[in-house]
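A short worksheet on the structure shown next.
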Amino acid sequence: PSHAQGEHANSMQKDSRLGSKPRTFFYQSRIYFTDAELIVSFRETSPVVVKSEPEEDNSFYPYPKHNKASKRERDDEEFEYKPKKVKVEHDKKAKKRKHEYEEDEDDEDIKPKKKTKDKKATDGKKTKKEEEEKWKWWEEERYTDGSKWRFLEHKGPVFAPPYEPMPNKVRFYYDGKIMKLSAAAEEVATFFAKMLDHEYSTKDVFRKNFFKDWRKEMTSEEKAIITDLNKCNFSEMNDYFKAQSEARKQMSKEEKKKIKEENERLLQEYGFCIMDNHKERIGNFRTEPPGLFRGRGDHPKMGMLKRRIRPEDIIINCSKDSKQPKPPPGSKWKEVRHDNKVTWLASWTENIQGSIKYIMLNPSSRIKGEKDWQKYETARCLKKCVDRIRTQYRDDWKSKEMRIRQRAVALYFIDKLALRAGNEKEEGETADTVGCCSLRVEHIKLHPKINDQEFVVELDFLGKDSIRYYNKMPVEKRVFKNLQLFLENKQPEDDLFDRLNTSILNKHLQELMDGLTAKVFRTYNASITLQQQLKELTSDDSIPAKILSYNRANRAVAILCNHQRAPPKTFEKSMQNLQTKIDEKEKQLSTARKQLKAAKADHKASHDEKSKKTVEVKRKAVQRIEEQLMKLQVQATDREENKQIALGTSKLNYLDPRISVAWCKKYGIPIEKIYNKTQREKFAWAIDMAEKDYEF
DNA sequence: GCGCCGACTTGCTCAGACGATT
DNA sequence: AATCGTCTGAGCAAGTCGGCGC
């Protein structure tokens, strides 16, 4: 496309502010959100000032990629710098911590009985457990040979309970006539019966898939009779399940307690494993129960039967020298292997997509935590070279080669809009969703001029989980011209980037920075946005106001990453309730103010001590009510803004927890206000190591 | 270079636990 | 004690990405 090259060459000259001037990078609000909903405005996420940070642990991470360097090289490098540097960098802190730790230990050993508050404090087991909870894996060295563990012992998965046939009084009708189903057919029927109230049991694809799979479970007699799903009546089964769940709710305290205890027992027995001398929590220790597959969005396989998992389907992974888990009586494992290059404890192949499912550890485990930490270190690496990379892709917009231009424009989208990479998907196997590289012509509209803005790109597509991405934003002229070029002579269903896929893109990124892939941009942009928004938004105000600021910063990230949720069913009502409370509070306030005024007048008239005191009392009351009102208003704002935005995903997966920890420490906010228990467990490493001056 | 697969992360939803209120 | 609303974690689907074999 040499003509395009010429056309673009002139317009580029003005555009050389990169590098010299601080870069402004606009995250426009999605027009998907009205102004009222989106109060946070996105401003420059840059300029990014990259200071050299001698005190920072940049020499610690990232490790050379396991598969890129040879084993020997890796070992050499690591032994040179890692352990020593860590010790030096965190010296003061480490000492302090060690001291504290030892003190705690002493406390345990010497005067354990002093901890009378805790009934079990004297119990040896408990002491051990506490010790376990305190284990700071982040202060230890990591494996450098690509292995994930040395020792692994566990009890295997817990299986779904066997099918309990329906009581005889619960009947199934076909074409109005009672029909007793065989156990196998009945079980599958109950799966459908449980979903009767769901919208998708009315969907054609769902019904068709279900019926097809159900028929496979029927006896030949049943098959001969049951030929039309519309003639099936599952309502008694449905009623039965409703009654059951009602009964469960109505259970007495004792019964509930019993169930809880049983669950706890199961958790204690199967929910933990021993990995390298430490007891670690398993994330999911149960196999998935059988049921009907419900894909998200327009999934072609929805309604298909998800098979029951048997021990014969399970591959166990553990170390050779461990006590192997026993399969349930009368059954065998499919295989027992000893692969310490992977982290899973057990796996099976699922029958809908043929993909593998795993039993793995909890996010609080060392093995997940290390990986998570490393992820943020890679993103921090990107921070250091993002300017260079941005300069380069902007340069590439002028390339003579189509593939390079496409790569550069795609990367621009990934960077600016935080799009996902967009792998190709097998057609007809899953819902039709796309990411950046798989965008099609039909997903993009170009507006040379619209509402006073030039070069506006409109993106409208279904992304992961069939969540709609809709965004209209001005882009640089050069991007716009390139997009026009990519669209030439194409049909709506053609790929926008026909010379690009994720593999090409990631290979390119790998050359730009070690460990760089498309998703690192999401992590980087999310974390840097949080940090900047926190800087910008944090008010010099009360704690609730500060937390509102935090939530707004978090929200900015969620919007950037397009993390949405269905508005909670009770949203309108709960909003109304809150408003009622606010109204009441306002009335209270005006009453209190009147009283204060009256008291003042009284005091002015009498000038006695008593009236002076009354004034003070009333003044305090007004103040208190004002505070309460403010708190409620803040809550209302927060909730309204959050109506259809999901904060959880970004908090859990994209935001370097050290940013939040540092923010809490800086402003004296208790960490519990930001992270709940699970989150604190997951981010224990960050809570322990980040100081108030931490910079992402 | 491509298609496929394995391993692991990311993402949304909903039941039920939990805590506040009546 | 019952009821109500919110929060949390489990559950599991759906992505990303690297490696392998051809």
Side-chain angles (χ1 to χ4, degrees), chain A residues 65-68 148 160 198 245 248-253 256 259-260 263 267 271 283-289 291 293-297 299 301-302 306 315 317 339 341-344 347 349-350 352-358 360-363 367-368 371-372 375 420-426 429-431 433-438 462-467 501-507 509-510 515-520 522-523 526 558 561-566 568-571 573-578 581 635 639 644 646-654 675-679 681-682:
Chain A
K65 296 257 295 192
H66 291 323
N67 42 16
K68 294 297 172 205
K148 307 289 168 73
H198 250 107
S245 94
R248 225 173 303 131
K249 272 183 218 155
Q250 296 302 320
M251 276 188 312
S252 69
K253 255 189 184 164
K256 278 186 183 165
I259 292 178
K260 212 177 161 186
N263 280 335
L267 173 70
N284 56 324
F285 58 90
R286 294 165 199 272
T287 62
E288 293 172 15
F293 175 81
R294 165 61 172 151
R296 300 200 252 263
H299 198 114
K301 297 192 170 185
M302 65 168 79
K306 215 169 79 164
I315 301 173
N317 194 30
D339 182 357
K341 298 278 188 285
V342 297
T343 67
W344 51 269
S347 72
T349 302
E350 151 270 357
I352 306 283
Q353 327 259 7
S355 66
I356 308 169
K357 302 266 188 167
Y358 301 94
M360 285 183 187
L361 294 193
N362 188 296
I367 216 158
K368 294 286 183 190
K371 201 74 186 295
D372 206 38
K375 173 180 78 187
R420 296 187 187 82
N423 281 307
E424 293 111 296
K425 302 169 75 186
E426 223 175 316
E429 293 291 301
T430 57
T433 63
V434 297
C436 184
C437 293
S438 49
L462 296 183
K464 182 177 178 178
D465 293 310
S466 295
I467 298 290
N501 60 39
T502 53
S503 157
I504 295 170
L505 180 67
N506 280 334
K507 265 183 201 134
L509 292 175
Q510 184 58 237
L516 187 60
T517 63
K519 84 189 185 87
V520 178
R522 254 167 102 79
T523 313
C561 294
N562 201 37
H563 290 143
Q564 297 186 31
R565 62 167 182 175
K569 282 183 207 103
T570 55
F571 186 84
K573 210 169 80 187
S574 83
M575 217 51 209
Q576 261 172 22
N577 288 349
L578 198 55
K581 273 191 191 168
Q635 211 184 345
R639 201 179 297 176
Q644 39 187 328
L647 301 184
T649 303
S650 51
K651 206 173 190 177
L652 234 48
N653 298 303
Y654 288 107
Y675 290 138
N676 68 29
K677 185 166 146 281
T678 329
Q679 294 168 157
E681 276 165 20
K682 170 167 179 174

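Below, chain A is the first sequence line, B the second, and so on; all start at residue 1.
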Would you mind telling me which residue lines up with the more 5' stretch of DNA chain B, K519(A) or G354(A), judged by nearest nucleotide?
G354(A)

Minimum side-chain heavy-atom gap K464(A)-T433(A) below 4.5 Å
no

With sequence neighbours excluded, what pairs up with E681(A) under the salt bridge (Lys or Arg N to Asp or Glu O under 4.0 Å) test?
K677(A)

Out of dT13(B), dA7(B), dG11(B), which has the shortest distance to the side chain of N653(A)?
dG11(B)

So, does Q510(A) use its side chain to make a donor-acceptor pair with the main chain of G515(A) at under 3.5 Å?
yes

Ignoring backbone atoms, test whether T343(A) places a side-chain nitrogen or oxygen under 4.0 Å from the OP1 or OP2 oxygen of dC8(B).
yes

Send over the distance from N506(A) CG to dT16(C) P, rounded to a whole Å.
10 Å

What class does the angle between the rings of Y358(A) and W344(A) fall in, given that below 30° is parallel, 30 to 60° is tilted and above 60° is perpendicular?
tilted

Enumerate the protein-to-nucleotides 20-22 of chain B contacts in which both atoms are nitrogen or oxygen and the separation is below 3.5 Å.
none

Which heavy-atom pair separates S650(A) from L647(A) by the least distance, and what is that distance?
OG-O, 3.0 Å

Quick one: does K368(A)'s side chain get under 4.5 Å of M360(A)'s, heavy atoms only?
yes

Nearest-Å distance for atom pair CG/C1', residues L652(A) and dC7(C):
14 Å

Only counting residues at least two apart or in another chain, list the ones meeting salt bridge (Lys or Arg N to Asp or Glu O under 4.0 Å) with K357(A).
E288(A)

Any S438(A) side-chain heavy atom under 4.5 Å of N423(A) side chain:
no

Using the test side chain to side chain donor-acceptor pair (under 3.5 Å), find all partners of T287(A) that sit at least two apart in sequence or belong to another chain.
none

With 3.5 Å as the limit, what N/O pairs link the protein to nucleotides 1-4 of chain B?
none

Rounding to an integer number of Å, can you tell me how far L505(A) CG sits from dT16(C) P?
11 Å

Using nucleotides 13-15 of chain C, report all nitrogen or oxygen pairs with the protein that are shorter than 3.5 Å.
| unit_1 | atom_1 | unit_2 | atom_2 | d |
| --- | --- | --- | --- | --- |
| dA13(C) | OP1 | K306(A) | NZ | 3.1 |
| dA13(C) | OP2 | K357(A) | NZ | 2.6 |
| dA13(C) | N3 | R296(A) | NH2 | 3.1 |
| dA14(C) | OP1 | R296(A) | N | 2.6 |
| dA14(C) | OP1 | H299(A) | ND1 | 3.2 |
| dG15(C) | OP1 | T433(A) | OG1 | 3.0 |
| dG15(C) | OP1 | D465(A) | N | 3.1 |
| dG15(C) | OP2 | K425(A) | NZ | 2.7 |

Nearest whole angstrom, please: distance from the C1' of dA10(C) to the NZ of K677(A).
14 Å

Base, sugar-phosphate or nothing for Y358(A)? Non-hydrogen atoms, less than 4.0 Å.
base

Scan nucleotides 16-19 of chain B against the protein and return all N/O pairs shorter than 3.5 Å with their distances rounded to 0.1 Å.
| unit_1 | atom_1 | unit_2 | atom_2 | d |
| --- | --- | --- | --- | --- |
| dG16(B) | OP1 | R248(A) | NH1 | 3.1 |
| dC18(B) | OP2 | K260(A) | NZ | 3.4 |

Is the distance from OP1 or OP2 of dT8(C) to the nearest side-chain N or O of N676(A) less than 4.0 Å?
yes

Please list, chain by chain and in numerical order, all residues satisfying salt bridge (Lys or Arg N to Asp or Glu O under 4.0 Å) with E429(A), sequence neighbours excluded.
K301(A)

Side chain to side chain donor-acceptor pair (under 3.5 Å) with N653(A): which residues, sequence neighbours excluded?
none

Partners passing ring pair (Phe, Tyr, Trp, His ring centres under 6.0 Å) against F285(A) (at least two apart in sequence or in another chain):
none

Sorted by chain and residue number, the salt bridge (Lys or Arg N to Asp or Glu O under 4.0 Å) partners of K375(A) (sequence neighbours excluded) come out as D372(A)

Results of side chain to side chain donor-acceptor pair (under 3.5 Å) for S347(A) - residues two or more places apart only:
none

